[in-house]
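Have a look at the structure below, then the notes.
In this text, all values refer to a predicted model and were calculated from it rather than measured experimentally.
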Amino acid sequence: MYPPDATAPGTAQTPVASEAPPAVVSLLAGHLDSTGYPATLLDLAARGWFDLAGAEPGRLMCLIAPDPPAHALAPYEERTALHLARRAAGRGEVPAAALAEGFAEGQETFSAAFHDEVVADARARGLIRPGLRGRTALLLAAAALIPAVLVAGAVDVTAHPGRAFLPIMCWLVLLWLIGAGARGSERPTPAGRACLAGWQRRQAALAGAGTAALRGADAPAEPDLAAMMQVAEGDRDVAYAAALGAAPGAVAAFTRNRTMVWSSYGGRWRQLSIGDPAERSWSDNPILLILLALGFPVFFALLVVGTMIATGPAGMVLVAAAAVTGVTGALMFARSRISAPQLPRTAQFDGLVLERWTWVHKGEESDTTCYGVAMDDGQRDQAWAFTVDNARYARLVPGALVHVTVNPRKNRLITATVTGRPQVPPQVAAAQTAKQPLRARVINAQEAARVLGVTQDELECYLLGMSCFWKRAKGKGRGSILITVGRRAMLARHAERTGRPLPGHDGVEAWLVGDRSVLLRRGTMVVKIILTGELGMDRAAALTLLTERAMERLAAAPGDDALSEDEWAPTPER
């Protein structure tokens, strides 16, 4: 398991406030979003997860330890260590700044999960508490009834059948607004304030020590490598200084350049600029576009006036002027085409997905979410950037090897075939799989592709509530596999009454319900698998295959006495 025993049952202990990690200290100091992640990386380096080395002036390299330490990590520390191993997979080293990009789930999702896990740890340690107390919440809920009652009185005179629901809806909306405003409003407890004050006093007492160059308010943008080397020797003070916002140089070492992206495709780490992902429909030369926009109306106006309105010499002059305008425009267009680089209509290359991101396009009627990906072909100093649809965005995970066909003239991605998954050590892949909810692990992509008769690249997977939905990609047919996981006693009772019992396995019971679904039960946990549409194999054989695989994974999960369906995870390897 990577990290070893990070989530092993029975190894978790009640957190101690005095042993608060740097990320928790950054939360108490109000710097979690800006310094929490870099401080966690520095702390992992001090604890032996990787070494630091100055590859060249101003650039810090992280050298992955061949044998990671055998201590348990907090969930956010484990998340950070997994990303570290994933970025350096196959090379054993990675630039420090490259750890701030290339997140498989996207930077926003990673940051949100990291934030929530740090908050949960701080709460478990008794260092913070919700800003909205229970008594205050009840008072606000009661106060929200006042406008709801006023709305009820206002609509009472109407005869609309839905008038009784309007005040209830008003009250629920006000409650939602109160909850949204109070979400994330954490405040330190007395123990949290004491913990923060203790670390602030300790940092103040370290004036003149090796980390002083990193603590000054006017610290340089680049880190002091001599001070950073102390981190590799086990000094955690720099990590706590970064958490407190007193080490801008150390934080800068693990901060990405927004206009550049790191890539190791081609055998060495290098930085690339990111192109414009927008698809081009016209020439890139704005002057040519303006002249074309003005030239066509002038040409047609002169031609119409000279031939149909004006007569005699004046008409001939206008026709001649129209001819001169047309010939001049054609020559200018031809010259611009000759001087401009001649790009082919299509081009193919093998490359590496570097980054993906989303943004919102503001429209007149509604907003649209746009998806962008950046790829490296190993040849250019600028990464290819394209706007893609949601299905391609889901498949093009950073680190994946791809073979793509593009239209360079329009900057359009025509096809993208994944030829290799992100290169990660087996233990990292196992840890990432273990962190997925049970509904996403009952059936894997290889098995779903076999049942649906497509390749894994032609699959789409969606996690919807307590369900996992495997389906063919757009244009590949209508077959699908729906997996629902949860404590569904009613479904189990219905299967017992109407289904046909199947042989069990290690405490897992199974029933065939109809000819296209099967239900499994272990304890109070129920898994239902439903097949719809076209399949790539016989339906009975498909149900048999999926039932066997689901039984094995459900039997390998721990007991459900104190776990929710999202907390069911396999026991880590020792």
#### Entry: Verdict with supporting geometry, Leu52 and Cys62, side-chain contact (heavy atoms from CB on, under 4.5 Å)
CA-CA 5 Å; Leu52 297 174; Cys62 303; 4.0 Å; yes
### Task
Check the pair Arg549, Gln446 against side-chain contact (heavy atoms from CB on, under 4.5 Å), reporting the backbone distance first and the verdict last.
CA-CA 12 Å; Arg549 299 296 181 269; Gln446 180 180 3; over 6 Å; no
### Message
Test side-chain contact (heavy atoms from CB on, under 4.5 Å) on Val418 and Leu396; report intermediate values, then the result.
### Response
CA-CA 7 Å; Val418 177; Leu396 299 178; 4.3 Å; yes
### Message
Using side-chain contact (heavy atoms from CB on, under 4.5 Å), reason through Leu354 and Tyr265 one step at a time and then give a plain yes or no.
### Response
CA-CA 9 Å; Leu354 300 179; Tyr265 190 64; 5.7 Å; no
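In this view, Ala473 and Arg395, Glu460, Lys476 satisfy the side chain to side chain contact (heavy atoms under 4.5 Å, CB included) rule, not counting sequence neighbours.
For residues 31-41, there are no side-chain hydrogen bond (donor to acceptor under 3.5 Å, both in side chains) pairs, not counting sequence neighbours. Applying the side-chain hydrogen bond (donor to acceptor under 3.5 Å, both in side chains) test to every pair with at least one member in residues 477-486, sequence neighbours left out, gives these pairs: Ser467-Thr484, Ser480-Thr532.
Relative ring orientation between Phe349 and Trp384 is described as parallel, the plane-to-plane angle staying below 30° on a 0-90° scale split at 30° and 60°. Relative orientation of the Tyr371 and Tyr393 rings is tilted, given thresholds of 30° and 60° on the angle between their planes.
Nearest heavy-atom pair, Ser26 versus Ala23, reported as atom, atom and distance to 0.1 Å: OG-O, 2.5 Å. For the residue pair Arg87 and Glu101, the shortest heavy atom distance occurs at NE-O, 3.5 Å. Looking at every heavy atom in both residues, Asp376 comes nearest to Ser263 through OD2-OG, 2.7 Å. Considering all non-hydrogen atoms of both residues, Pro22 and Ala243 come closest at O-CB, 3.2 Å. Here the closest non-hydrogen pair linking Gly453 and Arg472 is N-NH2, 4.5 Å.
Using a distance-only test at 3.5 Å, with no hydrogens or angles considered, no donor-acceptor pair links the side chain of Trp262 to the main chain of Gly102. Between the side chain of Arg356 and the backbone N or O of Ala104, at least one donor-acceptor pair lies under 3.5 Å.
Here Leu482 contributes atom CG and Arg516 contributes atom CZ; the two are 9.5 Å apart, rounded to the nearest 0.5 Å. For the atom pair Leu82 CG and Arg86 CZ, the distance stands at 10.5 Å (nearest 0.5 Å). Annotation: the span from Leu99 atom CG to Arg256 atom CZ amounts to 12.0 Å, rounded to 0.5 Å.
A 4.5 Å side-chain heavy-atom check between Trp357 and Ile274 finds at least one atom pair inside the cut-off. Two residues are said to be in side-chain contact when any heavy atoms from C-beta on lie closer than 4.5 Å; Ile529 and Ile481 meet this criterion. Counting only heavy atoms from C-beta outward, the side chains of Leu531 and Leu543 approach each other to under 4.5 Å. Side-chain contact check for Val442 versus Val485: some heavy-atom pair is nearer than 4.5 Å. You'll find the side chain of Trp49 stays beyond 4.5 Å of the side chain of Leu41, heavy atoms only.
Counting heavy-atom neighbours within 6.0 Å of Gln382 CD, excluding the residue itself, gives a total above 12. Atom CG of Asp367 sits in a crowded spot, with more than 12 heavy atoms from other residues, nucleotides or ligands closer than 6.0 Å.
Looking at Glu279 and Arg412, a side-chain N of the basic residue comes within less than 4.0 Å of a carboxylate O on the acidic one, giving a salt bridge.
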